[in-house]
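Let me begin by presenting the structure, written as structure tokens, before commenting on it.
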Amino acid sequence: MLTLGIESSCDETSVAIIKDDREILSNIILGQMIHSEFGGVVPELASREHMKAIISVYHEALKAAQVNPDDIDLYAATYGPGLVGALLVGLNFGKGLAYGKNKPFVAVNHLEGHIAANYLIHENLPDSHLTLVISGGHTLLVQVNGFGSYQILGQTQDDAVGEAYDKVAKLLGLGYPGGKEIDRLAGEGDKKYFKFPRAMIKDESLNFSYSGLKTAVALHVRSLTEEQLQKHVADIAASFQEAAVEVLVEKTIRAAEELHIKDVSLSGGVASNSRLKELMQKRLQNIGGNFYCPPPKLCTDNGAMIAAAGYRRYKLSGPSDMNVNAVPYLKLA
Ligand code: KG4
Ligand code: ZN
């Protein structure tokens with residue numbers, strides 16, 4: 001069975017084709033450079049760029065997969081959460097294709113898509129596991145009890161961890177989005193240079209908070225001269241990253257121990273982070289746990305994860321109603 005997955009919730013236009021549950025035939029991802037000069041995603045520009053790109057990305061996905069449009073059995077597209085105008089482009093394109101080809105359509109929750117990215121490559125990932133969904137808009141610690149069954153154990157009380165990365169990158173003059181660049185720079189810096197706050201690390205809940213950390217970095221940057229800042233950019237990146245990542249790891253390990261869950265996966269754009277992967281893997285090893293994480297191309301927003309989740313959604317509950325609309329604040333559970 002061939003599933004075509006479409007993702008357009010933010011600033012990546014992506015179309016992918018997968019065979020059955022996990023074989024990726026193509027996964028074309030087109031980022032939008034236009035936002036970098038504004039230091040963040042401009043919603044109106046995002047929808048316009050999706051409209052310009054979607055048809056060629058679709059044709060490219062078919063070509064790369066060497067698949068005829070009539071061979072697609074199921075169409076899947078993200079319907080939320082995300083920017084409403086951006087979501088509508090991919091969602092309506094997917095519905096239009098399904099209607100035109102007389103094939104089923106399934107609307108996919110973007111967060112379920114991120115979680116499902118792990119299924120594409122980890123055949124041995126047990127149905128029941130913990131996952132940390134970490135992106136530009138979300139920081140969720142989730143207990144998964146099989147596909148479609150989620151219990152949110154903790155979430156951010158303010159900024160998402162990816163948002164903190166992007167804001168700190170901006171403070172350091174690193175461009176947008178800056179998570180990847182902070183990750184790279186941190187590798188050259190001293191993580192003990194400055195002790196930034198580990199917000200809520202001792203708190204009983206499994207919730208997170210990232211706005212204080214961002215403010216602490218801003219105050220520190222403000223206290224430096226331009227020359228000092230240039231000298232310590234990598235050190236600040238490393239010190240910020242250590243604080244951000246330590247809380248994620250600490251709370252995830254605590255949840256794994258309390259709930260006696262051995263298998264932990266990461267998902268979402270921030271799951272590409274090298275220090276997070278290193279620390280999480282080490283701490284899991286110490287408690288006899290197993291670590292799972294998709295490769296960077298499947299962590300960032302992409303159509304393959306939407307196809308993977310769409311295929312499973314369809315098997316679980318059949319096609320979506322064709323009247324389904326975009327839901328900008330759609331929740332996971
Ligand atoms: O999942 P995603 O592609 O889009 C959303 O759904 O938000 O995540 C994008 C986020 C951005 O905040 C970006 O800076 C961050 O993921 N990111 C990273 C890394 N690569 C991307 N953050 C930390 N380290 C990375 N290597
Ligand atoms: Zn995402």
Side-chain angles (χ1 to χ4, degrees), residues 5-14 16 27 29-32 35-36 39-41 43 46 50 77-83 86-87 90 108-118 131-140 142 156 159-172 174-189 191 210 213-214 217 237-238 240-249 265-280 293-306 308-309 328-330 332:
I6 303 166
E7 159 60 34
S8 74
S9 66
C10 190
D11 59 345
E12 262 98 22
T13 316
S14 181
N27 187 19
I29 306 167
L30 187 73
Q32 303 180 348
H35 307 290
S36 58
V41 177
H50 284 306
T78 307
Y79 76 111
L83 303 168
L87 286 165
V108 173
N109 183 316
H110 181 81
L111 300 171
E112 185 163 70
H114 274 306
I115 294 171
N118 276 287
T131 192
L132 198 52
V133 187
I134 37 181
S135 69
H138 294 87
T139 310
L140 296 172
V142 183
T156 185
D159 291 356
V161 60
E163 193 178 344
Y165 264 90
D166 294 335
K167 285 178 176 167
V168 167
K170 202 168 170 182
L171 286 168
L172 300 178
L174 303 175
Y176 179 89
K180 200 173 165 188
E181 185 55 12
I182 289 195
D183 189 1
R184 191 195 65 75
L185 259 184
E188 301 167 4
K191 51 182 182 290
Y210 280 99
L213 174 56
K214 170 204 67 192
V217 177
F240 155 75
Q241 173 160 284
E242 204 60 13
V245 160
E246 254 183 47
V247 188
L248 291 174
V249 174
S265 75
L266 302 181
S267 41
V270 185
S272 305
N273 187 265
S274 54
R275 181 64 182 149
L276 172 62
K277 289 194 276 193
E278 180 188 314
L279 258 189
M280 190 73 87
C293 184
K297 195 179 170 184
L298 296 175
C299 288
T300 198
D301 291 349
N302 69 89
M305 72 184 199
I306 301 305
Y329 296 101
L330 185 65
L332 179 68

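One-based numbering, in listed order, for ligands and for the atoms of each.
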Are any N, O or S atoms from His110 nearer to the Zn ion (ligand 2) than 2.8 Å? yes

So if I count the atoms of ligand 1 from 1 in the order they appear, which ones are less than 4.0 Å from some heavy atom of Gly137? 7 (O)

Of all the non-hydrogen atoms in the protein, which one sits nearest to atom 8 (O) of ligand 1, and at what distance? Gly269 CA, 3.3 Å

Taking only non-hydrogen atoms of Gly162 and a 4.0 Å limit, the atoms of ligand 1 in range are 12 (O)

Hey, is ligand 1 close enough to Thr300 that some N/O pair sits below 3.5 Å? yes

Hey, which N, O or S atom on Asp301 ends up closest to the Zn ion (ligand 2)? OD1

What is the nearest protein non-hydrogen atom to atom 7 (O) of ligand 1, stated with its residue, atom name and distance? Gly136 N, 2.8 Å

If you define the side chain from C-beta out and look only at heavy atoms, does anything of His114 sit under 4.5 Å from Asp301? yes

The reported gap from CD1 in Ile306 to CD in Glu7 (rounded to nearest 0.5 angstrom) is 5.0 Å

Ligand 1 to Ser135, heavy atom cutoff 4.0 Å, flagged ligand atoms 1 (O), 5 (C), 6 (O), 7 (O), 8 (O)

Hey, are the side chains of Leu330 and His110 touching, using non-hydrogen atoms and a 4.5 Å cut-off? no

Any heavy-atom pair between the side chains of Leu279 and Glu242 that's under 4.5 Å? yes

Please lay out, stage by stage, how Val41 and Cys10 fare under the test side-chain contact (heavy atoms from CB on, under 4.5 Å). CA-CA 8 Å; Val41 177; Cys10 190; 4.0 Å; yes

The Zn ion (ligand 2) to nearest N/O/S of His114 less than 2.8 Å: yes

Does the side chain of Met305 come within less than 4.5 Å of Glu112's, by heavy atoms? no

Any Glu12 side-chain heavy atom under 4.5 Å of Asn302 side chain: no

So, does Gln241 sit close enough to ligand 1 that a heavy atom of it is under 4.0 Å from the ligand? no

for atom 22 (N) of ligand 1, nearest protein heavy atom and its distance come out as Gly179 CA, 3.5 Å

May I ask whether Cys10 places a heavy atom under 4.0 Å from ligand 1? no

Side chains of Tyr165 and Gln241 in contact at under 4.5 Å (non-hydrogen atoms): yes

Determine whether the side chain, the backbone, both or neither of His114 has a heavy atom under 4.0 Å from any heavy atom of ligand 1. side chain

Return yes when His110 approaches ligand 1 closer than 4.0 angstrom through a heavy atom, no otherwise. yes

Is Thr139 close to Leu248 at the side-chain level, that is, under 4.5 Å between some pair of heavy atoms? yes

Among all protein non-hydrogen atoms, which one is nearest to atom 13 (C) of ligand 1, and what is the separation to 0.1 Å? Asp166 OD1, 3.7 Å

Using distance alone, decide if ligand 1 has a nitrogen or oxygen within less than 3.5 Å of any nitrogen or oxygen in Tyr165. no

Side chain, backbone, both or neither: the part of Val270 lying under 4.0 Å from ligand 1 by heavy atom: both

Heavy atom of the protein closest to atom 2 (P) of ligand 1 (residue, atom name, distance): Asp301 OD1, 3.3 Å

Nearest non-hydrogen protein atom to atom 26 (N) of ligand 1, with distance, is Asp183 OD2, 2.9 Å

Specify the protein heavy atom at minimum distance from atom 23 (C) of ligand 1: its residue, its atom name, and the distance to 0.1 Å. Asn273 ND2, 3.5 Å

In this structure, CD of Glu163 is separated from OH of Tyr210 (nearest 0.5 Å) by 12.0 Å

I want to confirm something. Looking only at heavy atoms, which of Arg275, Lys180, Met305, Lys277 is nearest to atom 19 (C) of ligand 1? Lys180

Are Val161 and Thr156 close enough that some pair of their side-chain heavy atoms sits under 4.5 Å apart? no

So CG of Asn273 and CE of Met280: to nearest 0.5 Å the spacing works out to 10.5 Å

Show your working on side-chain contact (heavy atoms from CB on, under 4.5 Å) between Leu298 and Asn27 and close with a plain yes or no. CA-CA 9 Å; Leu298 296 175; Asn27 187 19; 3.6 Å; yes

